[in-house]
Each structure stands twice: as C-alpha cells, then as structure tokens.
Amino acid sequence: MRIFRRRGEVVPSPNIWYHPETYARENEAQDSDGAVWALLARLVSWAGADVVDVGCGDGFHLPRLAVAAKSVTGVEPHPALVRAARRRVDGHDHVTVRRGTAQRLPLPEASVDVLHARTAYFFGPGCEPGLREADRVLRPGGALVVVDLDARDEPYGEWMRADLPRYRADAVDEFFAEAGFTCHRVRTRWRFPDRAAMEAILRIEFSPRTAERAIVETLRRNRGTEGGPLDLPVGYRVLLRHAPAAPVVVSPPSARSTALSPPSRVSVADDLPGS
C-alpha cells in the first residue's frame, strides 16, 4: 500500500486483486457486530439517494446500499472485480457497476448524494485528486464518507504500523481534519468461522512475518475456542465531509448601500451538518 505517493492512476490492492476468494471470506468476517453500519446510519442517510461506492471491489456492499437507495453505482478499476461485482448485482435494476478510478469517476457533475469508500483509495496525503473528483460529482450538501481501518487501535493497528513504518497516524488525521472531515472512531469485531479462515485472511493482509505474529496473538485471544469461531477486535475510522451548499444569490446592492458599506458574500454552507 502506498500512502504518501501515487505515481500511476491505479495502485493494485494486493489482497482483493490477487486473492479474491479469500478476500470474499474476509468481507463476511468483518464488522460482525454491525457497529460500522450503525455509525454510518447515524451520520448519513442514503434512503432515496443516489449513492456511489468508490473502489467497490467485487460489489460486496452494493446490495446493502441498494436496499434503501434510489440508485447505486459501484466504481472499480480492476476488470476482474468489475465482472464479479456485476454478477453479484445482476437482477438489481437500480444498481450499476462501472469501470473507473477515484480520480476520474465516470459520472456527471453534481449527480451524487452520497459517495462511500471503504478501505479504498482515501488513505491520506496523496488522495487529493480523488477528493477534488468527489467534490465535482457531489450535489450541494452531499456527503463523502470514508471508512478506513484505525491504525491507532490495538492490536490490528499495531500490525498495520509494523508493515507500514512510514505511516504516521498524526499526519493522516491532520490531513483529513484540514480537508474538512470530521473523524468518528468505532470498534467492532472480525469473526472468523474457523482457524483456517483466520490464518488465510491475516496472511493476505500482512507481510509473512507480521501475519505469523497476528495469527499467534489471535489464537492467544481465543484460547480454548480454536475449533470454532474466533473473534478479533478491530477499530475503524469513519471520515465525513459534506459538499458545500450552493451560494445564495444576492441582488446587486444599490448605489447608496454600496457607498455606505462594502458588498458581502452570503452562503448557507454553515447551516450544513459537518460543515
């Protein structure tokens, strides 16, 4: 994972690109408490909205978004995953999957109410082109919501930092705060059906050395239950930013008022939640 520099349009995601079957099992294991979804429901509503899932992968989250949304569009750069996502949503008339990148969304301006990205592209400094593109496609007051793993939360965050020595959580948090995001931290669980699934999933998430350590520590946390489901506490950050509202059009001041005071700009942006 490249955090601070992206030289190309697309940086491969080695877990889902190269191990799609194992990653599908990982998606099933994540957020077994539903805590991330519960937080999202409190922060932003996609009921009756036009929703885009950036970096949708094999489309795992698209059916859930489609339950309440008016329309859902999954955007994914990897052709094999585009095909898998289309198979997943076959029969959902209001769901489409398009090939594209976060920097070049295949969508018209001001056409989206909620733009959702989960552990995809928006990792901190370097994602500015995607942020600008999100602003282009969002309607006034629309929401960009980014779900990412919390590198501060133990033990998963410690394993992340071991594999990403250049990652600086303070710098990433500062970057998003300066970009106008509010940060909401939530802890949930990954629940693996058995030891084999746990080992396979952790091995596609970490380097061999870190994965072995993570496996040992996960087994220690689940001592006595190795034959059944195994739990792992994992923290997430949910970052939220609303697109600015359209400025209020003010009639030109009269000559008398212009002479008395300078013209001012009026905007309703401050009335938006999270602005």
Side-chain angles (χ1 to χ4, degrees), residues 13 15-17 20-78 80-100 102 105-107 111-122 134 137-139 142-150 184-193 197 201 205 229 231-242 274:
S13 181
N15 45 21
I16 190 171
W17 280 37
E21 295 84 5
T22 302
Y23 196 84
R25 301 180 74 186
E26 180 177 329
N27 268 328
E28 296 287 350
Q30 290 190 25
D31 194 23
S32 63
D33 294 332
V36 175
W37 283 109
L39 176 59
L40 286 174
R42 293 197 298 272
L43 295 177
V44 62
S45 173
W46 52 86
D50 294 311
V51 179
V52 172
D53 188 16
V54 175
C56 70
D58 67 0
F60 180 79
H61 297 111
L62 299 181
R64 180 153 187 170
L65 293 169
V67 170
K70 175 184 176 183
S71 73
V72 178
T73 302
V75 177
E76 168 60 41
H78 190 40
L81 294 175
V82 171
R83 292 191 293 270
R86 286 173 176 165
R87 289 193 296 269
R88 185 187 293 274
V89 300
D90 185 38
H92 292 74
D93 294 338
H94 63 307
V95 183
T96 59
V97 179
R98 305 184 67 179
R99 187 179 178 190
L105 294 171
L107 301 163
S111 61
V112 177
D113 298 304
V114 179
L115 194 151
H116 167 272
R118 190 171 301 212
T119 59
Y121 183 81
F122 297 98
V137 303
L138 282 171
R139 295 184 175 117
L144 168 57
V145 58
V146 176
V147 181
D148 196 12
L149 291 157
D150 188 353
H184 308 264
R185 300 182 189 275
V186 60
R187 202 177 214 212
T188 185
R189 288 182 300 168
W190 289 13
R191 169 156 281 197
F192 310 103
I201 290 167
E205 287 299 316
D231 290 336
L232 176 66
V234 179
Y236 287 82
R237 295 177 310 154
V238 177
L239 300 158
L240 176 65
R241 183 174 83 175
H242 286 272

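All figures in this text were calculated on a predicted structure; none of them were measured in a lab.
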Non-hydrogen side-chain atoms of Leu62 and Arg88 separated by less than 4.5 Å: no
Is there a donor-acceptor pair closer than 3.5 Å between any side-chain N or O of Arg86 and the backbone N or O of Val97? yes
Contact check, side chains of Phe60 and Arg118, non-hydrogen atoms, under 4.5 Å: no
Please check: side-chain N/O of Arg98 versus main-chain N/O of Pro106, any donor-acceptor pairing under 3.5 Å? yes
4.5 Å side-chain heavy-atom contact, Trp46 and Arg64: no
Pairwise distance OG(Ser71) to CG(Asp113) - rounded to 0.5 angstrom: 8.0 Å
Find out whether Arg42 and His184 are in side-chain contact, i.e. whether some heavy atom of one side chain is under 4.5 Å from a heavy atom of the other. no
So, Asp50 and Arg139, do they make that salt bridge, N to O below 4.0 Å? yes
Any side-chain to backbone donor/acceptor pair from His94 onto Ala66? Under 3.5 Å, distance only. yes
Of all heavy-atom pairs between Leu144 and Ala134, which one has the smallest distance, and what is that distance? CD2-CB, 3.9 Å
Is any side-chain heavy atom of Asp90 less than 4.5 Å from a side-chain heavy atom of Arg87? no
Heavy atoms of Ala49 and Ser45 approach each other most closely as CB-O, 4.5 Å
With rounding to the nearest 0.5 angstrom, report the CZ to CD distance, Phe192 to Glu28. 13.0 Å
Look up atom SG in Cys56 and atom CD in Glu76, then write down how far apart they are to the nearest 0.5 Å. 5.5 Å
Closest heavy-atom contact between Val114 and Val112? O-CG1, 3.3 Å
Minimum heavy-atom separation for His92 to Pro63, with atom names? NE2-CB, 4.4 Å
So, does Arg191 use its side chain to make a donor-acceptor pair with the main chain of Ala29 at under 3.5 Å? no
Rounded to the nearest 0.5 Å, what separates atom CZ in Arg241 from atom CG in Leu138? 8.5 Å
Minimum heavy-atom separation for Ala35 and Arg187, please, with both atom names. CB-O, 3.8 Å
If I take atom CG from residue Leu40 and atom CG from residue Leu65, how far apart are they, to the nearest 0.5 angstrom? 9.0 Å
Can any side-chain N or O of Arg25 pair as donor or acceptor with the backbone N or O of Ile201 at less than 3.5 Å? no
If I compare all heavy atoms of Ala102 with all of Leu105, which pair ends up nearest, and what's the gap? O-CG, 3.8 Å
Only one of Val51, Val89, Thr73, Asp53 passes side-chain contact (heavy atoms from CB on, under 4.5 Å) with Val95; say which it is. Val89
Heavy-atom side-chain contact between Val147 and His61 under 4.5 Å: no
Side chains of Asp231 and Trp190: does their closest heavy-atom pair fall under 4.5 Å? no
Any donor-acceptor pair under 3.5 Å from Asp31 side chain to Val36 backbone: yes
Test log, rule side-chain contact (heavy atoms from CB on, under 4.5 Å), inputs Leu43 and Val238: CA-CA 9 Å; Leu43 295 177; Val238 177; 3.7 Å; yes
Rounding to 0.5 Å, atoms OG1 (Thr119) and CZ (Arg237) come to a distance of 11.5 Å
Report yes if some heavy atom in the side chain of Phe122 is under 4.5 Å from a heavy atom in the side chain of Asp148; otherwise report no. no
